[in-house]
There are 2 protein chains.
Amino acid sequence: MKPKLTLKNIAKELDVSISTVSKALRDSPEIGEETREKIKAFAKHYNYKPNNIALSLKNRKTKTIGIIIPEIVHHFFTTVISGVEKVANEMGYNVFVCLSDNSFDKEVLNMEMLANGSTDGFILSLAKETMQKADYHHLVEAINQGMPLVLFDRVVDEIACDKVIIDDVNGGKKAVQYLVDCGCKNIALISTVDYVSVGKLRTHGYKQALVENNIEINEDLILKIEQIENSEVEIEEFLKNKKVDGVFAVNEHFAISAIKTIQEQGKKVPDDVSVIGFTDGELSKRFIPSLTTVSQHGTRMGEESARLLIEKLERTPTENDYYKTIIVETELVTRNSTKSKK
Amino acid sequence: MKPKLTLKNIAKELDVSISTVSKALRDSPEIGEETREKIKAFAKHYNYKPNNIALSLKNRKTKTIGIIIPEIVHHFFTTVISGVEKVANEMGYNVFVCLSDNSFDKEVLNMEMLANGSTDGFILSLAKETMQKADYHHLVEAINQGMPLVLFDRVVDEIACDKVIIDDVNGGKKAVQYLVDCGCKNIALISTVDYVSVGKLRTHGYKQALVENNIEINEDLILKIEQIENSEVEIEEFLKNKKVDGVFAVNEHFAISAIKTIQEQGKKVPDDVSVIGFTDGELSKRFIPSLTTVSQHGTRMGEESARLLIEKLERTPTENDYYKTIIVETELVTRNSTKSKK
DNA sequence: TTTCAACACGAAAACGTTTTCGTCGCAGCA
DNA sequence: TGCTGCGACGAAAACGTTTTCGTGTTGAAA
């Protein structure tokens, strides 16, 4: 194991000073051609790579961004990471990935871990627990420290920062409108509890669509699920003895559980009941019947988030600054769990 | 935006020297009780956190490990990350996640990015292209530089390092044996081209199981898929007019495509044909019929990899060192795509 | 009174860079 | 000869830590 090649080593080897080596490698005109060539040749031959840590310390920036997500075993977040990675790498940044496991404490811990100089800024989707507690002091602190922050998907109005969201209301509306257009009269909603902002918003969209179509909102047709683990039975209970011909679920799992239940009741999807999910994952694509869903374009959200963050990082703070919110359009991907439009 | 709190700032504020502050915070007995308390109180009040970058530079270790995976939008790799994250965090490490997109060049680039001091070591699953080219110079280089490396899943004999794999041969064998036990006589294999080591090994297992059960190997019943994108049609072509009563697919996508095709042919799964997949993802669980699969225990692989790496990092290099290969047992998860055993 | 340990603290080096500011030698000029 | 200017390089500070090695002040022992 050879000792790591440093400027100092090169300098000693070539009998010049450290500064000369540094300048030569950065093509400074201060250095004579001969010396420069010699140094560059040597560096290349021994594959010199400047030490990133030292650079980070010197420049007081790490060229690293952190992303904290509630859970990685979730296709949507995975696509977001993939988007972040892509533009981050293109711009010469590294990505720290941290998982909060939907726990407030882990989220705070992760932020502390990343905020002590390891990253220049971060991208975050709030943990469920955090939204529940509505405790955002760690975010405020980070921002006060001058750490740029981009919130995506699970965002919160209380925090002033850049945000990337989808139009959940509109997405929900689109879905329900489509169901209406397919001729559905009794449309059920399977959502989450209200402190998960996306659940709330999609519920809004559901209601708006109904209102706009002069369909009465029937609270009996709305299910709010608390624990994902228990969702299957809850959905089964919920759909039992209900006369519905359309179901809008706020994620693909709920949608699939609904389809299962419906089929077990001897009804057909989409002939008897049309089902639409949210979040376009592998499951939606390959399930039989394949699922009509509202796609969130996770990759695009990741890309936009990263771009937003890096933009802010590379701008001099003196420039007039304000916070942007980027809304990534949702898209209704129609497949086989819905009847065709009338 | 307050200036970042550093030892120097504290020292000036409290009119002591930097070293005194540092020592006080680290509870050195050198410092008098009174001063120590004063400093600690001050630091706590203003929420002082030592700068990680400076620490990394000083200690010449970053407490960071990198993981490079071929694709993140793949449930198996996601679970691995999750496992790595878990034990890394427990041991006070951060995790850099990089994606090679199955490209050799991106893999090399990622390694260079991480090897210049950013990480203490890494965990890697080889890109498809890398295995195809069989060019491992970047791995050798990293190892020579003294960078510990753990290979997982897609490993390669040529490189001497720690490895975490599953027993693909045995996994394949288990699956096929199970099919045989269910009474299947004509068992097809849907695999990948041979340079993907796991495909090759699982194929081995398939053959072994057949041999052990005195069933003749029929090459016509073996499909090797080159391009994932085209797999559906290939599988459809392949299964057309074939009299099979069992299918072993080396991943869940192939398995599901097979089921689709079989059903379209008017046959029933599992009544007419039993199907087993590999890799236990969301798809397997929720598909109808739910898929019997060979589970790879991705989380455990991630955990083992991280443990292996960190162990090596924290051991003094003088100790007697050798490379381990950990084999994570596969597990046959029986669900509804197979008949019950006779 | 002198000496010496114990105590409490500070100076400085080191990690690997970049960059500012010398400084030295030499050529050109009056 | 004596200046000036310039080309080519080196010294040193700085980024924020930790740690080794002083150093000055005590109090007590001789």
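As the structure is a computational prediction, the values presented were derived from the model and not from experiment. We name chains A, B, ... by the order of the sequence lines, and we start the count at 1 in each one.
Annotation: salt bridge (charged side-chain N to carboxylate O under 4.0 Å, His left out) contacts of A/Asp153 (sequence neighbours excluded): none.
A salt bridge links A/Lys40 with A/Asp27: at least one charged nitrogen is closer than 4.0 Å to a carboxylate oxygen. A salt bridge does not link B/Glu71 with B/Lys128: none of the charged nitrogens is closer than 4.0 Å to a carboxylate oxygen. Ion pairing between a basic and an acidic side chain is recognised when a charged N comes within 4.0 Å of a carboxylate O; A/Arg307 and A/Glu90 show no such pairing.
At a threshold of 4.0 angstrom between heavy atoms, the contacts of A/Thr35 are confined to the sugar-phosphate backbone, with no base atom among them.
In this structure, the helix from C/dT1-D/dA30 to C/dA30-D/dT1 shows an angle of 90° between the axis at its start and the axis at its end, each fitted on 5 base pairs and rounded to 10°.
Look at CG on A/Asp15: it is 12 Å from P on D/dC9, rounded to the nearest Å. In this structure, the CD atom of B/Glu34 is 17 Å from the P atom of C/dC7, given to the nearest Å. The distance between atom CD of B/Glu33 and atom P of C/dC9, rounded to the nearest whole Å, is 11 Å.
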>> Across nucleotides 13-18 of chain D, 5' to 3', mark each nucleotide with B, S or - according to how protein heavy atoms within less than 4.0 Å reach it.
In response: -BBBBB
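Separating the OG atom in A/Ser125 from the CZ atom in A/Phe152 is a distance of 4.0 Å, to the nearest 0.5 Å.
Shown here for A/Ile310 and A/Ala88, the closest heavy-atom pair between the two residues is CD1-CA, 4.0 Å.
Checked against the 6.0 Å centroid threshold, B/His74 and B/Phe77 count as a close aromatic pair.
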> What's the verdict on side-chain hydrogen bond (donor to acceptor under 3.5 Å, both in side chains) for A/Asn51 and B/Arg60, showing C-alpha distance, side-chain angles and the deciding distance?
Replying inline: CA-CA 10 Å; A/Asn51 179 311; B/Arg60 277 126 124 235; over 6 Å; no
